[in-house]
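Working notes, beginning with the structure itself.
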Amino acid sequence: MEQQYKILGMTCSGCQKKISEKLNSVHGVTADVNLENNTATITSDHEVQLSVLNDALAEIGKYKLEDPNSPEKAFVKPQDRVSPSSVYYCPMECEDDKVYFKQGERCPVCNMYLVPIEEKLAKDPNHKPAYSATNLPESFKNSLGKYYCPMFCEGDKVYNEKGDCPVCHMHLEKITEDLVKNSHSHHHNHSHSHSHNHHHHEAPKVTDEMAGKYYCPMYCEGDKTYDSNVGCPVCGMDLVKYPEKKTAKYTCPMHPEIIRDEPGSCPICGMDLVRMPDSGDDEEDETYTILKRKFFISLAFTIPVFILSMGGMFIDFPFSHQIQGFIELALTLPVMFYSGWFLLKRGWISFKTWNLNMFSLIALGVAAAFIFSIVALAFPDIIPHEIRGHNHEIPLYFEAVCVILTLVILGQLMEAAAHKKTGNAIKELMNLSPDEANLIVNGEEKRVLLSQVKIGDLLKVKPGEKIPVDGKITEGNSIVDESMITGEPVPVEKNVDDKVSSGTINGNQVFIMKAEKVGDETLLSQIIKMVNEASRSKAPIQKLTDKVSKVFVPVVILIAVLTFIAWQFFGPEGKRSLFAFVNAVAVLIVACPCALGLATPMSLMVGIGKGAKNGILIKNAEALEQMNKINVLITDKTGTLTEGKPSVEHIETVNNQDQNQILKLAFSLNQNSEHPLSNAVIKRAKEENIPAEKVDQFENISGKGVKGNINGKTAYLGNESLLTSHQIQIPDTLKQKAIEVQSKAHTISYIAEDQNVLGFISFTDKIKESSKKAVERLMSEGIDIVMMTGDNEHTAKAVADELGIKHFKANCLPEDKLNEVKKLQQQGKIVAMTGDGINDSPALAQSDIGIAMGTGTDVAIESAEITLLKGDILGVAKAKLLSEKLLGNIKENLFFAFIYNVLGIPVAAGLLYPFFGILLSPMIAAAAMSVSSLSVILNSLRLNSVDLDI
């Protein structure tokens, strides 16, 4: 009697030896323990209960046998087990309660694989770690005011200063009296996400509950989600929406009130139910919609504030200056506390985390201007006469608050318009997979949901249908278009026992297949997963504006502090504190450039328009800023360097036969053929104005070619095995020539009439005319070009040699391209990737700049930051040139945005007061704003004159 069991808990050869010895010591049992498969094969002359074997194993450790036929979950190797909380421990507890934060590592003491902490808690729910939030170390009572790691990575160790844990990089928390007092009084369940990278937190596993919710793209709070885009409270970034869960509904075409979750028939008329179109696919991007609404509301209130503030020079308003101030205040409130509140929140967060950026500067200036204006309006008598207006009116900066916020919101709106909706690549990939399949049950065909298909099921695939899951053909044959997976243009002939992949398209025949991989295991699902992970793991590019602000903000604050100190010591007697406060605030007001929010978006908007006119569509605007830094370009072959479709390259004849006669025979036979090469022959014949002959007794011979009767003679077109099977001899000279042509990566089809071989036609995927020029241009700029293709070595070498590309890799799978991008990035390279197929999409998403060919698949286009409409690699060189010009323009804009305000800072600080009695007034601030904004707009428009012709 023989029985095989799964072994739980076996992780090394030491375990294997112990388990084997113990099982073989059981009476009447011979055990063969396999470490590779984690199985034990038990041979005995009588039935041995599983409980007896497990009792024996319990004596030597935490090992257990499991019946493979039991409904419990299959064993997962320790290195593949994932902890939802990202916390792992050694199953041998070598270091007591010490935990680790990286999957797949081994214990430094016993070298066993670490396993998720949840497994420990599942085995012993009462287990409590040495320390926790509910069980703090006693020593903490004497460490009030100090800091500790909430994961207790180093036990009861405390730190004197706030910072991050040196082990898990989590923020240290303060030891307070309440914390110590309450540590035992209630259960405090704390869930965190950990990472060894201080800046990038581990991306959580997306669950159904997360669908439609919002998350921080930096995962600052792990897997925490929000119901709306409120902005991340930690880093201030816009939240991103998880794709909505795809739920198909079915209805009757005749009775639309009938709606069902599954396909079937209408209960009223018996018609087959049809799938309802997905709702929400055309839904406008929510962030863009919200920003647009806030901008127009802000603009509606800003215009009257601006007229009231500046119109006093030309219009006599029928109310006092103080009433005018209160009207301006009332109109400013919606701009400040509704439209622009999100900007102020971001600024506040940036100061809290000391991660200074553009919003820090905006929030500082706007808050200073608003508070100063409120104080001036409420207590006009304290304002020195030196900074009052011509008619002794008090200075108010409400229009500065409104104009600055409105212009920054406009900048944010421009950026949102430049970024397409997130998640479209994944949606496109999901749409490749059909929702239903034709299941064969007891010889009958039944239409079922894809989710109901199981491994081992037989499925019927009809002509033109998408293949639902991965599997192999058990009956029939067909031609399958795999270009969306492999990127290669020629559809592949499939026969019994050949593998087929989900999402690929069946050609002209019906076949039956056996499901081998379903759900998350299919190749398409793996590509979706790779795209998702690559796009989520990529760090956002820091904007140039933020880099400048990081330096400028502390400098402005320092100048404001020095101004306050200087006036406190050297100001007019009796008014020193007042002058010190007013001038310090004035520095903060004038230092905030209202054109700062426009500097980058305005250039990007003009640059994106210029790119579009030249066939370069830019989706991720920041990527265009980065484009001029690239030093490696990874390019696909098919459709990128080559045309992407086969064409007739050469016609070889025997005994000087007429080439047109050979082409006429091939054209005539191909009229009835659905072979992928037939279109190339038909196209060439039409170009040469060659007419087709009538074909009788046409026959398509699967895997070999076609034959038919033309003018009383039998004509053959196909591969060598077609001619051999009809006892037709190929002349040695022709065969030698064919081998020579095939070595250059050409495909050939022989043509014969009766028993005579007339010659062959060779097909190739032609290299684009512009490819050589583009490759030479890019290499001259110091960019290393790497060609990676799913095609064979011969073809890859032929194309690389012709174009002068030194580095190439053939027979590449989607993960090979992805891994190459990662490898180069780890070497510190800035990697751009061009591609046009689904097989390229994970690498496009991972690369620093993904460039898709507009002639390629929607998925590739959605995964990339830049799309070249003409599908021409010359566009990469143009995009790089545009990037250089754009970056220069942005730097000029930042100069114009800052220079007038920087010049205003000495005036605000009061440097001119001792000589001319001049202090900052609203007029000087308004002039600085107007001139800087106008300069930025005019300078941005200069990008339109850039010549991108190469």
Side-chain angles (χ1 to χ4, degrees), residues 248 263 272 274-275 428-441 443-519 521-528 638-639 644-646 670 672-680 698-706 718 747 790 814 836-839 856-859:
D272 278 342
V274 295
R275 191 172 185 276
E428 291 289 348
L429 277 166
M430 286 173 168
N431 289 343
L432 280 175
S433 174
D435 295 309
E436 299 162 18
N438 305 310
L439 180 66
I440 307 288
V441 183
E444 289 186 13
E445 185 184 324
K446 182 185 173 189
R447 194 88 173 144
V448 296
L449 287 174
L450 191 63
S451 56
Q452 295 172 310
V453 176
K454 299 180 189 67
I455 292 171
D457 282 350
L458 292 178
L459 307 170
K460 181 186 273 189
V461 184
K462 298 174 183 176
E465 283 188 343
K466 288 175 183 173
I467 293 168
V469 295
D470 291 5
K472 68 177 179 184
I473 295 176
T474 57
E475 193 181 313
N477 59 69
S478 189
I479 289 171
V480 175
D481 179 1
E482 295 186 331
S483 60
M484 64 282 297
I485 299 289
T486 63
E488 299 313 315
V490 182
V492 183
E493 290 190 26
K494 297 284 184 180
N495 296 299
V496 173
D497 287 339
D498 283 345
K499 302 274 186 186
V500 286
S501 298
S502 64
T504 55
I505 300 169
N506 182 25
N508 55 348
Q509 303 288 326
V510 177
F511 63 82
I512 292 174
M513 63 174 287
K514 183 180 180 182
E516 292 183 334
K517 289 182 180 176
V518 299
E521 296 300 312
T522 64
L523 178 61
L524 186 60
S525 295
Q526 293 302 310
I527 292 175
I528 291 172
T638 311
K645 50 185 182 284
N670 273 319
N672 302 311
S673 171
E674 293 186 20
H675 194 278
L677 298 175
S678 61
N679 287 334
F698 177 81
E699 188 182 344
N700 190 344
I701 303 161
S702 182
K704 294 180 180 179
V706 293
T747 304
D836 66 341
I838 288 163
N839 59 324
T857 61
D858 289 347
V859 182

(request) To the nearest 0.5 Å, tell me how far L439 CG sits from E444 CD. (result) 11.5 Å
(request) Identify the two heavy atoms, one from S501 and one from D470, that lie closest to each other, and give their separation to 0.1 Å. (result) CA-OD1, 3.4 Å
(message) Between N438 and V461 (side chain of the first, backbone of the second, donor and acceptor by atom type, cut-off under 3.5 Å), is there such a pair?
(response) no
(request) Would you give the length of the straight line joining atom CD1 of I479 to atom CD of E493, rounded to the nearest 0.5 angstrom? (result) 5.0 Å
(message) Tell me the closest heavy-atom pair linking P646 and A680, and the distance in Å.
(response) O-CB, 3.5 Å
(request) Give a yes or no on whether the backbone of K499 and the side-chain of K494 come within a donor-acceptor separation of less than 3.5 Å. (result) yes
(message) If you compare all heavy atoms of I467 against all heavy atoms of F511, which two are closest, and at what distance to 0.1 Å?
(response) CD1-CZ, 3.9 Å
(request) Tell me, please, which residues at least two apart from E445 pass salt bridge (charged side-chain N to carboxylate O under 4.0 Å, His left out). (result) K460, K462
(request) Can you sort out the partners of K454 under salt bridge (charged side-chain N to carboxylate O under 4.0 Å, His left out), two or more places apart, ordered by chain and number? (result) none
(request) Any chance you could measure I455, atom CD1, to K514, atom NZ, to the nearest 0.5 Å? (result) 10.5 Å
(request) For D498 and N495, work out which heavy atoms get closest and say how close. (result) OD2-N, 2.8 Å
(message) Would you compute the distance between atom CD of E436 and atom CD of Q452 and round it to the nearest 0.5 angstrom?
(response) 10.0 Å
(request) Please report the closest heavy-atom contact between K466 and I505, naming both atoms and the distance. (result) CG-CG1, 4.3 Å
(message) By the definition side chain to side chain contact (heavy atoms under 4.5 Å, CB included), identify the one residue from V469, I440, V448 that meets it with L459.
(response) V469
(request) Please name the pair of heavy atoms, one in Q509 and one in S478, separated by the smallest distance, quoted to 0.1 Å. (result) N-OG, 3.4 Å
